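Since the model is a prediction, treat every value here as computed from it, not as a measurement. Below, chain A is the first sequence line, B the second, and so on; all start at residue 1.
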Number of protein chains: 2
Amino acid sequence: MQRKSFGNMQCPIARSLERVGEWWSMLILRDASLGLTRFDQFQESLGIAPNILTRRLKRLVETGLLERRRYSDKPPRYEYVLTQAGRDFRPLLWAFIAWGNKHFAPEGPSVVIVDSKTGVEADPLLIDRASGRPLTMPDFRSAAGPAANAQIRQRYPAAPRARHASTAPNPPHP
Amino acid sequence: MQRKSFGNMQCPIARSLERVGEWWSMLILRDASLGLTRFDQFQESLGIAPNILTRRLKRLVETGLLERRRYSDKPPRYEYVLTQAGRDFRPLLWAFIAWGNKHFAPEGPSVVIVDSKTGVEADPLLIDRASGRPLTMPDFRSAAGPAANAQIRQRYPAAPRARHASTAPNPPHP
DNA sequence: CAGTATCCTGTCCGATACTG
DNA sequence: CAGTATCGGACAGGATACTG
């Protein structure tokens with residue numbers, strides 16, 4: 001479905017899928033997050049055909065998730081490193097791990113997130129940074145944002161007028 | 001790539017992709033999270049061809065993310081509602097929204113997560129439930145879990161022996 | 001080592017027509 | 001309303017051979 005704009009391309013989920021929607025893309029990002037940078041490293045880790053790997057890497061570079069960097073001159077050699085956007089994708093990978101472990105790993109988890117120092121297993125949870133509350137329904141919901149077009153607005157009810165929460169720093173006194 | 005086991009299918013990310021890897025699947029889950037349940041609702045919201053919608057719904061039911069439920073008898077009618085696994089996918093959708101907003105919405109967010117009561121915009125953040133610390137590198141990392149096979153173990157360094165953290169409740173006294 | 005070039009298969013998807 | 005049936009196009013992905 002890649003090219004032909006997908007449903008409503010203003011949807012941030014659809015836009016994200018535009019970048020990482022192909023099967024291998026997320027697995028390449030996973031490996032890049034593990035520190036792999038070179039063509040043959042990806043190829044061996046993934047067991048992917050070289051032409052396909054070329055295509056996926058090219059796309060990930062185009063969409064700004066990887067950067068192609070020359071690391072040798074004598075024979076020109078390139079490596080692929082995560083951009084900021086690519087690094088920011090890691091929490092999503094971890095959320096996938098948590099979700100997969102919870103529902104599709106009857107034999108127990110084969111990959112876990114751990115504290116680097118203590119080795120204690122972490123339990124990923126999505127919260128609101130400001131209030132620290134877990135992002136669960138019905139406490140939170142999605143809503144049309146400021147840049148929403150008509151189609152989005154129809155799908156998502158608008159956010160209620162934001163009375164700023166008690167956490168708001170220094171509300172201007174009227 | 002759907003059927004032919006993808007790379008290493010013990011990887012929880014690959015397993016997750018097995019369920020929601022097709023383009024429409026996540027968008028269907030998005031709509032289901034917004035409360036849509038019926039065939040024509042999905043069709044209108046997504047602008048998807050009916051035969052494709054049939055395929056995706058069938059798959060999502062097979063993989064346990066949606067449940068097909070009869071809601072009328074006289075003409076037999078079915079609706080599609082999220083299972084627990086499907087509901088648990090919502091945080092991932094929200095993480096996608098946050099990621100997409102941050103990197104691919106130069107004109108500002110068209111969809112946001114808000115506090116249902118106050119309308120205050122939330123800022124999704126993945127943390128460790130027990131310690132409350134943000135799941136970021138290098139504080140945390142992924143590691144091979146107890147059920148890991150050789151291939152996984154090779155990709156992910158094993159977790160260090162877990163000296164149980166200070167948060168551990170009532171360590172058994174030796 | 002880091003790809004490119006070809007050829008091929010599968011299937012995702014769109015469009016359209018039809019049905020109980 | 002909730003799909004099924006059929007056709008065709010695009011491309012992802014696999015396999016393999018080849019190159020600087």
Side-chain angles (χ1 to χ4, degrees), chain A residues 1-9 14 17-32 36-63 66-81, chain B residues 1-9 11 14 17-29 31-32 36-63 66-81:
Chain A
M1 234 311 92
Q2 322 59 250
R3 315 269 79 177
K4 336 180 36 181
S5 85
F6 217 97
N8 184 337
M9 286 317 291
L17 288 178
E18 186 97 329
R19 270 89 180 175
V20 299
E22 279 84 33
W23 273 87
W24 289 114
S25 302
M26 284 185 54
L27 298 179
I28 291 173
L29 291 178
R30 173 200 67 183
D31 280 355
L36 306 196
T37 61
R38 304 225 305 262
F39 194 90
D40 70 318
Q41 291 178 322
F42 290 117
Q43 200 182 355
E44 190 200 342
S45 168
L46 297 166
I48 186 180
N51 53 345
I52 301 304
L53 180 54
T54 298
R55 286 215 297 248
R56 291 294 130 250
L57 286 174
K58 196 165 292 179
R59 178 85 83 95
L60 287 169
V61 168
E62 282 169 12
T63 56
L66 289 180
E67 189 196 343
R68 189 169 188 253
R69 229 159 37 184
R70 165 170 245 149
Y71 73 93
S72 155
D73 275 334
K74 334 178 266 177
R77 289 283 183 270
Y78 297 91
E79 61 181 354
Y80 300 86
V81 296
Chain B
M1 236 308 91
Q2 320 62 250
R3 316 269 80 178
K4 339 180 35 181
S5 85
F6 217 96
N8 183 333
M9 286 318 290
C11 172
L17 288 177
E18 187 97 328
R19 270 86 180 177
V20 298
E22 279 83 33
W23 273 87
W24 288 117
S25 302
M26 285 184 52
L27 298 179
I28 291 173
L29 291 179
D31 281 355
L36 306 195
T37 60
R38 303 224 306 262
F39 193 91
D40 70 317
Q41 291 177 321
F42 291 117
Q43 200 182 356
E44 189 198 344
S45 168
L46 297 166
I48 186 180
N51 52 345
I52 301 305
L53 180 55
T54 299
R55 287 219 292 252
R56 293 293 132 252
L57 287 174
K58 197 166 295 181
R59 178 87 83 94
L60 287 168
V61 168
E62 282 168 12
T63 56
L66 289 179
E67 189 196 343
R68 188 168 187 254
R69 228 160 37 188
R70 166 169 244 147
Y71 73 92
S72 155
D73 276 333
K74 332 177 269 174
R77 290 282 183 269
Y78 297 91
E79 61 181 353
Y80 300 86
V81 296

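Phosphate proximity of D/dC11 to A/W23: absent, as no side-chain N or O sits under 4.0 Å from OP1 or OP2. Distances shown here put every side-chain N or O of B/R55 at or beyond 4.0 Å from the OP1 or OP2 atom of C/dT11. Between A/R68 and C/dG3 there is a side-chain polar atom (N or O) within less than 4.0 angstrom of OP1 or OP2.
Counting any heavy atom pair closer than 4.0 Å across all strands shown, B/R38 reaches sugar-phosphate atoms only and no base atom. Within the nucleic acid shown, A/Y71 comes within 4.0 Å of sugar-phosphate atoms alone, with no base atom in reach, counting heavy atoms only. Counting any heavy atom pair closer than 4.0 Å across all strands shown, B/I48 reaches sugar-phosphate atoms only and no base atom.
Between the B/Q43 side chain and the B/F39 main chain, no donor and acceptor come within less than 3.5 Å of each other. Under the 3.5 Å distance criterion, the side-chain polar atoms of A/T63 are matched with a main-chain donor or acceptor of A/R59.
Counting to the nearest Å, the P atom of D/dA12 and the NZ atom of A/K58 are 13 Å from each other. Atom P of nucleotide D/dG3 and atom CG of B/L53 are separated by 8 Å, given to the nearest angstrom.
The side chain of B/R59 has C/dC12 as its nearest neighbour among C/dC12, D/dG3, D/dA12. Counting only heavy atoms from C-beta on, B/N51 has its side chain closest to D/dA5 among D/dG13, D/dA2, D/dA5.
A/Y71 has its side chain within reach of A/R38: a pair of non-hydrogen atoms, C-beta onward, lies under 4.5 Å apart.
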